Amino acid sequence: MPYLNQYILDKVVDGSFVKEHFHELCWTLTAKKNYHPEGTALPSKDAFRLWCLFNYLSEDSYPLIMVPDEVQYILQKLLAMTHLEVGEMDFGEILSTMSPGLSVWQFLELVASPKILQGISRESLSMAIQDLYEEVIQDVLKQGYLLKKGNLRRTWTERWFILKPSSLCYYVSEECKEQKGSINIDKDCGVEILPDRDGRRCMFCVKTTTKTHEMSASDTKHRQEWVTAIQTAIRLQQSGSRSLHRELQSRRREQREQREQRKAAREQEIQRLAELQNEKERQQKELEHLREAQKRAEEAIQQEQNRHKEQQEEMQRQLAVQLREAEEARASMQAEMQLKEMEATRQRQRILELEQLQDHLQEALAQEIRAHRDEEEYRHAQAKLLMQEEEKLRVLLRMREEQMQYVERAQREKQELQQEMEMKSKELQDAQKQLEDVRENRERADRDVQVQNVSLLNIYTIIQT
């Protein structure tokens with residue numbers, strides 16, 4: 001629920017989404033698996049509302065738990081709403097078994113246990129749960145009947161009012177089926193107590209930037225409760241807070257953190273004092289050991305001084321020998337350094353030669369790449385030329401087919417002429433002449449076909465090569 005509230009539900013525009021429907025869906029999914037009510041269990045609707053209250057007041061960590069302070073707070077609210085004295089309930093024994101907190105299913109079992117239900121009827125508990133749900137989850141600061149003076153007819157009518165941090169809505173009755181109007185609460189609003197007049201008592205008014213709404217309570221106590229609740233809503237608007245109980249929860253959490261910090265500080269202080277006492281005793285023991293060690297050290301220092309004096313004389317002799325050896329090593333090292341400098345000069349010259357050789361090789365590689373690219377282009381051109389020659393061959397083959405068709409037509413015409421010769425003997429000479437012409441055309445066509453065949457063979461030979 002903290003994740004859903006922070007990243008999904010808190011980003012929903014007011015009025016476009018009913019969070020209670022979403023909560024009912026989540027309750028259906030979780031209760032089916034985890035909630036197994038017995039004979040003395042709460043009704044499903046009351047269990048759902050307590051489940052919503054648990055999610056609202058639980059800590060922002062997984063798995064969700066409700067700390068003992070929040071459990072005591074919600075139990076006290078329930079008992080107060082059932083008109084049972086809070087002092088009659090012993091919370092010490094109940095809260096002692098809750099460390100570090102309760103899960104939602106343990107919380108539901110606790111509320112339904114005989115310890116809580118002792119002296120409370122199921123109906124009273126159900127009504128208290130409903131009132132607490134409306135107050136905490138639905139942000140209802142106060143609700144009840146008031147007399148309201150109309151804005152047009154100026155008559156007094158009894159309405160059911162519901163006060164939330166941002167609005168004061170009024171309905172025909174407490175079933176809330178028919179809303180008659182709404183008064184927007186913002187930081188510029190005000191509430192004032194009015195003197196009695198025109199036979200009306202316990203009057204007060206809510207002033208907005210555009211209108212003044214007059215109302216009358218049943219008695220002075222209810223009027224003061226309504227005025228205080230409306231002032232609370234205005235204060236929430238001025239502070240930018242969206243929920244009174246969210247603000248109260250933050251305060252209770254801060255108080256718990258401050259108590260934990262003070263408790264941790266006291267424990268640290270006690271631990272620090274114990275450590276200081278132990279440190280003092282340890283230092284006294286160390287001081288005694290130091291005094292004994294000092295005596296032994298003075299004797300050892302005298303012996304050490306004598307031995308140190310002898311060692312210094314021996315070291316002076318060794319240093320003189322080492323100084324001579326160092327001078328000789330320095331001379332040899334200077335000669336070796338000169339040789340290394342000459343070798344480094346030769347190495348640098350060799351590196352320059354290798355760099356020049358690398359440049360020549362890179363240039364040759366570039367020329368080789370260009371030659372390879374030219375060869376690729378030449379092969380592409382040959383492939384293109386080959387495709388063109390294939391296209392020409394297909395054209396010649398089509399021409400050859402056309403010529404064959406032409407020869408067949410000539411043969412059909414010849415047959416027709418022969419038939420005409422038999423039928424028309426008197427036109428024999430003309431027909432013979434036409435036949436000769438046809439024969440000549442045929443011979444020419446054959447010659448053309450032969451020439452084309454030879455050409456096709458030559459082209460095919462070229463393509464093959």
Side-chain angles (χ1 to χ4, degrees), residues 1-2 4-23 49-50 52-58 60 70 73-74 76-78 80-81 128-146 148 159-171 174-176 178-193 204-215 217 221-255:
M1 290 308 301
L4 294 174
N5 285 329
Q6 181 178 358
Y7 295 102
I8 297 177
L9 300 180
D10 288 347
K11 298 182 180 180
V12 175
V13 179
D14 291 338
S16 64
F17 180 75
V18 181
K19 289 186 178 181
E20 185 174 358
H21 295 170
F22 182 80
H23 291 163
R49 289 169 178 164
L50 289 173
C52 293
L53 291 169
F54 177 90
N55 289 329
Y56 189 89
L57 298 175
S58 60
D60 295 335
E70 295 295 331
Y73 170 77
I74 197 170
Q76 288 175 344
K77 293 283 288 185
L78 284 174
M81 290 181 176
I129 292 173
Q130 180 179 356
D131 293 341
L132 184 60
Y133 174 81
E134 292 175 352
E135 178 182 343
V136 177
I137 303 300
Q138 298 180 350
D139 289 329
V140 176
L141 300 180
K142 188 169 179 57
Q143 56 184 339
Y145 280 108
L146 292 173
K148 181 182 182 299
R159 302 295 186 197
W160 177 264
F161 282 80
I162 296 178
L163 175 63
K164 292 186 178 182
S166 61
S167 65
L168 176 61
C169 301
Y170 48 96
Y171 301 83
E174 57 185 298
E175 284 78 11
C176 300
E178 182 180 356
Q179 181 175 343
K180 301 300 291 184
S182 175
I183 303 172
N184 292 328
I185 305 296
D186 55 28
K187 62 181 180 180
D188 298 323
C189 292
V191 58
E192 293 182 3
I193 295 177
F204 66 95
C205 67
V206 177
K207 293 183 177 180
T208 64
T209 55
T210 58
K211 290 182 181 181
T212 298
H213 304 271
E214 295 183 5
M215 283 158 275
K221 178 183 177 183
H222 283 92
R223 180 179 66 178
Q224 186 59 42
E225 290 176 354
W226 275 104
V227 170
T228 304
I230 296 172
Q231 288 175 345
T232 301
I234 296 172
R235 181 182 59 80
L236 291 174
Q237 293 296 321
Q238 291 173 349
S239 63
S241 178
R242 298 176 57 185
S243 173
L244 172 63
H245 284 276
R246 185 64 72 185
E247 182 178 350
L248 295 176
Q249 182 189 17
S250 300
R251 292 179 184 176
R252 293 195 301 273
R253 186 171 295 176
E254 291 176 359
Q255 292 174 358

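All heavy atoms count here, side chains included; hydrogens, waters and symmetry mates do not. Being a predicted model, the structure only gives us computed values, none of them experimental.
Separation of atoms CZ (R159) and NZ (K148) is listed at 8.5 Å; rounding is to 0.5 Å. Rounding to the nearest 0.5 angstrom, the gap separating the CD atom in Q238 from the CD1 atom in I185 is 11.5 Å. To the nearest 0.5 Å, the span separating CG on L168 from CG on N184 amounts to 10.0 Å. Between Q179 atom CD and I162 atom CD1 the span is 8.5 Å, to the nearest 0.5 Å.
Between the Q143 side chain and the W160 main chain, no donor and acceptor come within less than 3.5 Å of each other. Side-chain atoms of S239 come within 3.5 Å of backbone atoms of L236 as a donor-acceptor pair (strictly under, hydrogens ignored). Remark: the backbone N or O of E174 is paired with a side-chain donor or acceptor of Y145 at under 3.5 angstrom. Side-chain atoms of D131 do not come within 3.5 Å of backbone N or O of E134 as any donor-acceptor pair.
Salt-bridge annotation for E192 and K207: present, with a side-chain N of the basic residue lying under 4.0 Å from a carboxylate O of the acidic one.
The cationic group of K142 does not satisfy the cation-pi geometry with F161, failing either the under 6.0 Å distance to the six-membered ring centre or the 45° limit from the ring axis. Taking the centre and axis of the six-membered ring of F204, the NZ or CZ atom of R223 falls outside the cone set by 45° and 6.0 Å.
The two residues D186 and Q237 have their closest heavy-atom pair at C-CB, 3.8 Å.
Within the 4.5 Å cutoff, the side chain of K180 has no heavy atoms near those of the Y171 side chain. Inter-residue side-chain proximity for W226 and L163 is flagged as met; some heavy-atom pair is nearer than 4.5 Å. Within the 4.5 Å cutoff, the side chain of D188 has no heavy atoms near those of the T208 side chain. No side-chain heavy atom of C205 sits under 4.5 Å from any side-chain heavy atom of H213.
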